[in-house]
Amino acid sequence: MQEDKEHRHPETEAIRTGHHRTAEGEHSEPLFLTSSYVFDNAEQAAARFGGREHGNIYSRTGNPTTRIFEERLAVLEGGERALATASGMSAILAVCMGLLRAGDHIVASQSLFGPTAALLQMLGRFGINTTFVPLDDIDAWRRACTRHTRLLFLETPSNPLSVLGDIAALADIAHAAGAYLAVDNSFCTPILQRPLALGADLVVHSATKYIDGQGRGLGGAVVGSEALITGDIFVFVRTAGPVMSPFNAWIFLKGLETLPLRMEAHSARALALSTWLAGQPLVEEVFYSHLPTHPQYALARAQQSAGGGVLAFRVRGGQKGAFALINASRLMSITANLGDTKTTVTHPATTTHGRLTPEARAAAGVGDELVRISVGLESLDDLKADLEGGFAAARACR
Ligand SMILES: *Cc1c(COP(=O)(O)O)cnc(C)c1O
């Protein structure tokens, strides 16, 4: 165990926290690829199963490598406890299954990751209904709460338009309604934004994105108080089994070590690229929370220490222009994943938001001319050169 933990900075926690060196003296965190654990005797097995003794039983209920990741992430988020899951989606499912029962009501942002919105809608089959409201309309959140509301759920900044939800204000609304506030912090990570300190009860993550940072594996996590996490949320995960594989936990905890550096570098490049894009003749509008022209710039500065790596822009020429730009890319990968060291480019209207009706897409502001970029860690000059080729192609097809 390490001493005076509370005085450490995030950069140090990200590297040091959670590893309790074994008798082998390993310097890098050990990977325990084992499904079960051996007991000294039948009495010990009985004590572990009976909950009278702490310790390993089976990797569905806990694994030493996964616990290193959980401890490290919990400290970074400023939570008492984290629980790792097989994916970001199963982290969100675990929150719902842990906290809610038939008859309960959810208020959620209209601007959610597509499968998250689909999952909440699916819960309707089990008597849990969701009201979707505009992320930045505080009064709409307040009005949507009923005496059955148990959960408020949002992502901030939103994907792809970087609309922000005011976490502190929404925490007050949730608590006045007797509900919990859960924030999906996958885009900012605890390095840029700490929702628990702003009043949220739970943070969920898709570790698949920035926590991994190199596009290798799927994983997720829920972070919050000891009581909330080790209560029905853990019981659901332990019972239903959407646990993180120890191998993925090892990848993610190595990812956490460089997360502070990477988030700073992603954000710096994304801000520089947003500023440059705003000056391009073929660009109609740029969406990035830390551009001074962003309508919620003051909130962005107060709530997030930087803008993160995702930006979007509207290119003249509609879908034809957007496709020409994307297809001309020689460097950026055409893929919907994000948070990678490799820059990725996406046409949201036909991919991530393709299943919405045209009306819902228009309401969400995801037009045919919109392009999203998850800015990686390549040279900014090379990215600009790649986009210049894209603009030339978009110009040629007009
Ligand atoms: C990708 C993503 C998810 C889902 O995570 P998976 O790891 O793919 O299951 C949830 N929320 C946000 C904001 C995401 O970007």
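Because only heavy atoms are used, hydrogens play no part in the values below, and waters and symmetry mates are left out as well, while side chains stay in. Each residue takes its place number in the sequence, starting with 1. Everything numeric here is computed off the predicted structure, so don't read it as measured data. We count ligands from 1, going down the list as the structure has it; atoms in each ligand are counted the same way.
Defined by atom type and a distance below 3.5 Å, a donor-acceptor pair is present between the side-chain atoms of S186 and D184.
Checking side-chain atoms of T258 against main-chain N and O of L261 turns up no donor-acceptor pair under 3.5 Å. In this structure, T85 contributes its side chain and G220 its backbone to a donor-acceptor pair below 3.5 Å.
The shortest side-chain heavy-atom distance between R67 and N56 falls under the 4.5 Å cut-off.
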Could you go through ligand 1 and note, for every N or O atom, any protein N or O atom closer than 3.5 angstrom, writing the atom names and distance to 0.1 Å, or 'none'?
residue, atom, partner, partner atom, Å
ligand 1, 5 (O), S206, OG, 2.9
ligand 1, 7 (O), G88, N, 2.9
ligand 1, 7 (O), S206, OG, 2.9
ligand 1, 7 (O), T208, OG1, 2.6
ligand 1, 9 (O), G88, N, 3.1
ligand 1, 9 (O), M89, N, 2.9
ligand 1, 11 (N), D184, OD2, 2.6
ligand 1, 15 (O), K209, NZ, 2.6

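Here K254 pairs with E257 in a salt bridge; the nearest charged N to carboxylate O distance falls below 4.0 Å.
Between F187 and Y210, the ring planes are perpendicular. Angles over 60° get that label, and only those under 30° would be called parallel.
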